[in-house]
Q: 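Dropping a structure here in C-alpha cells format, bear with me for questions.
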Amino acid sequence: MQLLYNSDSFTVVQFDVPAGDGEGAAAGPALHRGGYEIVDKFARKEIFLEGALAERFAAGVQELVAGSPSVEDFDEYLARFTALAHTPLSLH
C-alpha cells in the first residue's frame, strides 16, 4: 500500500497485492493484483479501481503530470472517477 496523493478533497492509495497460486516459486512468476483506492473526503465515499479501469486511471494521471498540473487539476480529474463511487466511507 502506498499513499500517492492527498489533498483537502481526495486521497489516492495504490495497492499491489501478490495473488500467488499457492504452488510456490517453482510454478513460475508470481501474479499480482492491485489497483487504486480513491477517497472523496467531502462526499465521504470511496471507489476501488482495478484492471482496465485502473490502467486507464494511471495513464490519465501520467498524462496529467506531463502538463504540470495544479492541485485543482488533479482534484478535477479524480472527481470524474469518484462520481462512480457508491461505497460509503467507513472509519474503523
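From a predicted model like this one, the values you see are computed outputs, not experimental measurements. Both backbone and side-chain heavy atoms feed into the values below; hydrogens, waters and symmetry mates do not.
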Q: Taking the side chain as everything from C-beta on, heavy atoms only, tell me whether Leu53 gets closer than 4.5 Å to Phe48.
A: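 Heavy-atom side-chain distance check fails, nothing below 4.5 Å.
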Q: Any chain of hydrophobic side-chain contacts (each under 4.5 Å) joining Tyr5 to Phe15?
A: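 No; Phe15 is not reachable from Tyr5 via cluster members.
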Q: Quick check: does any side chain N or O of Tyr77 sit under 3.5 Å from a backbone N or O of Phe57, one acting as donor and the other as acceptor?
A: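 Present.
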Q: Does one hydrophobic cluster hold both Val13 and Val61, with members joined at side-chain heavy-atom distances below 4.5 Å?
A: no
Q: Are any non-hydrogen side-chain atoms of Leu4 and Tyr36 less than 4.5 angstrom apart?
A: yes
Q: Identify the heavy atoms of Ala85 and Glu46 that sit nearest to each other, and give their distance.
A: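 Closest approach of Ala85 to Glu46, heavy atoms only: CB-O, 3.6 Å.
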Q: Any side-chain to backbone donor/acceptor pair from Asp75 onto Glu72? Under 3.5 Å, distance only.
A: no
Q: Which heavy atom of Phe74 sits nearest to which heavy atom of Pro69, and what is that distance?
A: CE1-CG, 3.4 Å
Q: Between atom CD1 of Ile38 and atom CG of Leu49, what is the distance when rounded to the nearest 0.5 Å?
A: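 Nearest 0.5 Å value for the CD1-CG distance: 4.5 Å.
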Q: Nearest 0.5 angstrom please: Leu84 CG to Ile47 CD1, how far?
A: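 Those atoms lie 4.5 Å apart.
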Q: Are Thr11 and Lys41 side-chain neighbours, meaning at least one heavy-atom pair lies under 4.5 Å?
A: yes
Q: How long is the gap from CD on Glu76 to OG on Ser9, to the nearest 0.5 Å?
A: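 Glu76 CD to Ser9 OG: 12.0 Å, rounded to 0.5 Å.
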Q: Provide the closest heavy-atom pair for Gly35 versus Ala54 in the form atom of the first, atom of the second, distance.
A: CA-CB, 4.4 Å
Q: Linking I/L/V/M/F/W/Y whenever their side-chain heavy atoms sit closer than 4.5 Å, directly or via other members, would Val39 and Val71 fall into one cluster?
A: no
Q: Between Asp40 and Phe10, is any pair of side-chain heavy atoms under 4.5 Å apart?
A: yes
Q: Of the non-hydrogen atoms in Val12 and Leu3, which two are nearest, and what is the gap between them?
A: O-CD1, 3.6 Å
